[in-house]
Structures are given as C-alpha cells and as structure tokens.
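As structure tokens, the structure follows; a few thoughts come after it.
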Amino acid sequence: MKATYDFVVIGAGVFGAWTAHCLRRRGASVALLDAYGPASSRASSGGETRVIRMGYGPDELYTRWSARSLPLWKEFAQRANVQLFHQTGVLWLSHDTDAYTRQLLDVLIRSNIRCEKLSADEVRRRYPQLSFADVTWAVLEPESGVLLARQAVQAVVKDAISSGVDFSLASILSPSGTGRLDSIRSSSGESFSAGTFIFACGPWLPKLFPVLLADRLRPTRQEVFFLGPPPGSDAFRPPRMPVWLHSIHPLRPYALPDLENRGFKIAFDRHGPDFDPDSGSRVVPPQSVAELRDYLHDHIPSLHDAPVIETRVCQYENTYNGDFLIDRHPGLENVWLVGGGSGHGFKHGPALGEYLTGLLLDHAAAEPRFSLASKHTTPKRAIF
Ligand SMILES: Cc1cc2nc3c(=O)[nH]c(=O)nc-3n(C[C@H](O)[C@H](O)[C@H](O)COP(=O)(O)OP(=O)(O)OC[C@H]3O[C@@H](n4cnc5c(N)ncnc54)[C@H](O)[C@@H]3O)c2cc1C
C-alpha cells in the first residue's frame, strides 16, 4: 500500500471495478477497497449473469451507453482471454398499444443498431416453447446477449491489480466533516489517503451517507429463479432461446437462456420490498415459487413443473426514476458518489468507467441526469 494515492475507489462491484481500471489505464495511482471482496454474493454485481441490450424505449442516452459498453466488454474479454459475453440475442415482446417498444425500435434504427421486427406468427414459429397470447409483434436485437457478471467483475479487478491497482479487503467507515477529506478509515483501523475518494458502494450508499441518500436511493429485494429444463433438451439454450423481455405483462417477466448448464433463468422486474444488503434474508418463500408457476403455466407450459434448481435474492439500488447517480459530494469536495444502477446498471460498467475518468482527469462536461440535485425522493420509475 502506498502512503497516498491519486484515487481510492471504495466498492469493487461493476461500477468501482471499471472506474479503477479506467483510471489506472490513464496512469493514475489507484487503490480499490471492498468490504466483502469483488462481486461478492451480497453485491448487486454478484449474480451469475446480466443482460446487455441496446433498447431503452425512447431513452437514447442509455442506448448510447450500451452501444459503447458492448465493444468494450468484448475487447476486455478478448484481452483477458476469457469468455464473458454470450451473443444470445435479445427479444422484446410487444403489443399494438406498447409505445415503449415502438420508440425503442425507432431509436435502434436511428442509431444503426442491428434489429429485426418480428410478427407474432414469426415469434411462434421461431420459439414454439413459448406461448404469448398478448404479443402481436416483437423486436429482436441479434447482437445483444448476456454478460457473465460475477466472473466479468472479478476479471476486471484481476486485470486492474496486474496493471498496478492495489486491492484491499476493507470495510470503510462513513467519512465525516466538510471541505477536503485527507483519509478514510476502515472498521479495523487502517487508514487510506488519496487526492480523491470515489464511493461506488451500490446499495450500501444510503448507509454510508444517510443524511444525503437515505431518501434518494432505495435498495429493493429482487428474486431470481433457475429452472431445470428436461434432460437432453436444447429448447432453452442458445441458439434456440434468446434473452426475452415480456415487459407488457404486469409482472414484467424477463428470462435468460440456460448458459453454462446452470438452468433457465427467469425473474420479475417489478420492485420488491426494501432490503438490507448486509443482513437481508436471501431465502425465497414458497409463495414466490407459486406465483412463478402460474406464469409458467400460461407462457412456458413445458416448464410449468420444472424443478427450481437454484434461487437467488439480489437487490436493485433504485434512484427515484432509474437514472444513475454520478456526482461530487456537496459537502466534501474530493468525494464522489457513484451508484443508482437501478436494476439496469451492470451492462454500462465500461461506459461509466470511461465517463467518470473523463470528468476526473479531463474535466469533461457532466450529464445533468446523473447529478445529485436531479434525484427526487418520491419514486417515479421512468428508466426500464
Ligand atoms: C436481480 C438483478 C438483476 C439485474 N439484471 C440486470 C441486467 O440484466 N442487466 C444490467 O445491466 N443490470 C442488471 N442489474 C443491475 C446491476 O446488477 C447493478 O446495477 C450493478 O451491478 C450495480 O453495481 P455497483 O457496482 O453499483 O454495486 P455493487 O455490485 O453492489 O457493488 C458495491 C460494492 O461496494 C462494496 N461496499 C459497500 N460498502 C462498503 C464499505 N463501507 N467499504 C468497502 N466496500 C463497500 C460492496 O461490498 C460491493 O462489492 C440487475 C440487478 C439485480 C439485483
């Protein structure tokens, strides 16, 4: 450990890992700290898989960030010589009054992102395992897919360490005072000094900065299921099964194909109850499985009775509308707050690392949507 660093990044989830990586590649001295280790099972980035899709309804900003991030993920994976991305395709299921998917298609076309418009008949023909009576058309993003989340973050951290980032397992205490912060302390009494401190602590940010963030960042409990397809069947693996999003359904279901023989992954993208990332229970109750089986009965009949071979409970860290938080602390001039992934942040790790590095090293212009001032306290989800 050095006496002092240019940057100390607290939090080795996807946002902190890519930030440390990008700063180090620009020559800065960087320490990266995490209380539980990179992409631990408690972290939002700790899941096996995360979707990377380009479509964001009418929202061009996140489409641009996804389109920037995908080649950076691929380049990184190639350099690290690991498979971190599966090009499964991403299918948006829609109906005639769904403005979100119509606008998404317009943005993809305008942005020159490859996509196909499919009729309901074509969806039925290509994916006979699925049954969507409410779907009248769909959009397929053939070049999008799935990132192996935990492995990807751990690979980024490993690469950062080999390029000179110092990593420590340390639980950092809330900083206090105003003006300039010289050092931070861990729960075991270690001190870390730097010119700038970046708190990329995901769902822990409201605990570290309660006065500022307790009302502005809300961690919610999210359940994920892995189902066991029938033996010998490839119906739920690529290329027969893409990622699909059935967002026109009230439960907002989405599913990922069976990758690495882990099972067919399915979850509901509605916000769950408030959740504590340190101590919240990660056991899924039987009512949740029963609700899932109802959905399967109607939409994936061949998996209606499939065994649940794994469950996970993770947390979203929601801002009021889903926009990220990337801003300077209003009372501590050399402290930055980075988070608010809001259930869609993973894919954007590379673009976020680049963006924040631009702000810190090149005084690039800040995006107003990421400011603390723009974060209201009453939930009004707008980014899906
Ligand atoms: C079920 C689920 C499905 C999702 N699906 C998708 C998807 O398909 N596509 C997508 O793009 N996104 C998805 N997301 C969202 C995405 O996973 C998150 O937005 C992203 O992982 C957030 O990363 P982060 O680095 O901000 O936070 P985290 O990954 O939680 O990292 C924060 C880190 O800070 C550390 N930390 C906290 N406090 C301290 C402290 N005091 N001292 C030291 N270290 C500390 C923690 O240990 C942790 O490692 C999903 C999220 C969930 C939960």
Side-chain angles (χ1 to χ4, degrees), residues 8-20 31-53 56 62 65-66 69-70 73 90 144-147 149-150 152-154 156-157 167-175 184-188 190 192 197-209 217 219-225 243 245 254-256 265-269 271-272 275 277-278 282 311-319 322 324-326 337-353 383-384:
V8 171
V9 180
I10 304 100
V14 74
F15 286 175
W18 271 99
T19 300
L32 176 62
L33 314 175
D34 200 289
Y36 295 114
S40 76
S41 291
R42 283 177 168 104
S44 296
S45 307
E48 287 305 304
T49 46
R50 293 289 184 255
V51 179
I52 179 160
R53 34 104 178 174
Y56 264 90
Y62 292 107
W65 271 41
S66 289
S69 290
L70 181 55
W73 278 115
V90 171
S144 298
V146 177
L147 294 160
R150 177 178 50 78
V153 172
Q154 292 175 352
V156 173
V157 172
F167 176 80
S168 280
L169 193 68
S171 175
I172 299 304
L173 306 175
S174 297
I184 50 174
R185 295 191 76 74
S186 74
S187 55
S188 58
E190 283 167 292
F192 301 89
F197 298 88
I198 299 160
F199 283 84
C201 297
W204 284 267
L205 282 170
K207 287 189 170 193
L208 280 157
F209 301 95
L217 256 180
T220 55
R221 184 178 191 283
Q222 307 298 141
E223 295 173 343
V224 174
F225 304 85
V243 168
L245 299 100
Y254 65 95
L256 284 70
K265 175 174 165 179
I266 183 160
F268 299 128
D269 175 45
H271 289 171
F275 191 71
D278 288 300
R282 295 182 192 260
T311 57
R312 287 191 54 89
V313 173
C314 189
Q315 63 282 316
Y316 288 172
E317 52 295 311
N318 305 294
T319 58
F324 302 155
L325 167 64
I326 310 171
L337 306 169
V338 176
S342 304
H344 71 101
F346 192 90
K347 65 184 81 58
H348 300 290
L352 183 142
I383 319 298
F384 292 97

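One-based numbering, in listed order, for ligands and for the atoms of each. The first residue of the sequence shown is numbered 1, and numbering continues consecutively from there.
Residues Glu190 and Ser168 have side chains that never bring a donor and an acceptor to within less than 3.5 angstrom of each other.
The closest donor-acceptor contact from the side chain of Glu317 to the backbone of Leu217 lies at 3.5 Å or more, if one exists at all. Remark: the backbone N or O of Ala39 is not paired with any side-chain donor or acceptor of Ser45 at under 3.5 angstrom. One N or O on the side chain of Gln315 and one on the backbone of Arg42 form a donor-acceptor pair closer than 3.5 Å.
Note: Tyr254 and Phe384 fail the aromatic proximity criterion, with ring centroids not under 6.0 Å apart.
Below 30°, between 30° and 60°, or above 60°: for Tyr36 and Trp204 the angle between ring planes is between 30° and 60°, a tilted geometry.
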Give me the pairs of N or O atoms, one from ligand 1 and one from the protein, that sit under 3.5 Å apart.
| unit_1 | atom_1 | unit_2 | atom_2 | d |
| --- | --- | --- | --- | --- |
| ligand 1 | 8 (O) | Val51 | N | 2.8 |
| ligand 1 | 9 (N) | Val51 | O | 2.9 |
| ligand 1 | 11 (O) | His344 | O | 3.0 |
| ligand 1 | 11 (O) | Phe346 | N | 3.1 |
| ligand 1 | 11 (O) | Lys347 | N | 2.9 |
| ligand 1 | 11 (O) | Lys347 | NZ | 2.8 |
| ligand 1 | 12 (N) | Gly345 | N | 3.4 |
| ligand 1 | 12 (N) | Phe346 | N | 3.1 |
| ligand 1 | 14 (N) | Gly343 | O | 3.3 |
| ligand 1 | 17 (O) | Ser44 | O | 3.1 |
| ligand 1 | 17 (O) | Arg50 | NE | 2.9 |
| ligand 1 | 19 (O) | Glu317 | OE2 | 3.1 |
| ligand 1 | 19 (O) | Gly345 | N | 3.3 |
| ligand 1 | 21 (O) | Ser45 | N | 3.3 |
| ligand 1 | 21 (O) | Ser45 | OG | 2.8 |
| ligand 1 | 23 (O) | Ser45 | OG | 3.2 |
| ligand 1 | 25 (O) | Val14 | N | 3.2 |
| ligand 1 | 25 (O) | Phe15 | N | 3.1 |
| ligand 1 | 29 (O) | Ser44 | N | 3.4 |
| ligand 1 | 29 (O) | Ser45 | N | 2.8 |
| ligand 1 | 29 (O) | Ser45 | OG | 2.5 |
| ligand 1 | 30 (O) | Ser44 | N | 2.8 |
| ligand 1 | 41 (N) | Ile172 | O | 2.9 |
| ligand 1 | 42 (N) | Ile172 | N | 2.9 |
| ligand 1 | 44 (N) | Ala35 | N | 3.0 |
| ligand 1 | 47 (O) | Asp34 | OD1 | 2.6 |
| ligand 1 | 47 (O) | Asp34 | OD2 | 3.4 |
| ligand 1 | 49 (O) | Asp34 | OD1 | 3.3 |
| ligand 1 | 49 (O) | Asp34 | OD2 | 2.6 |

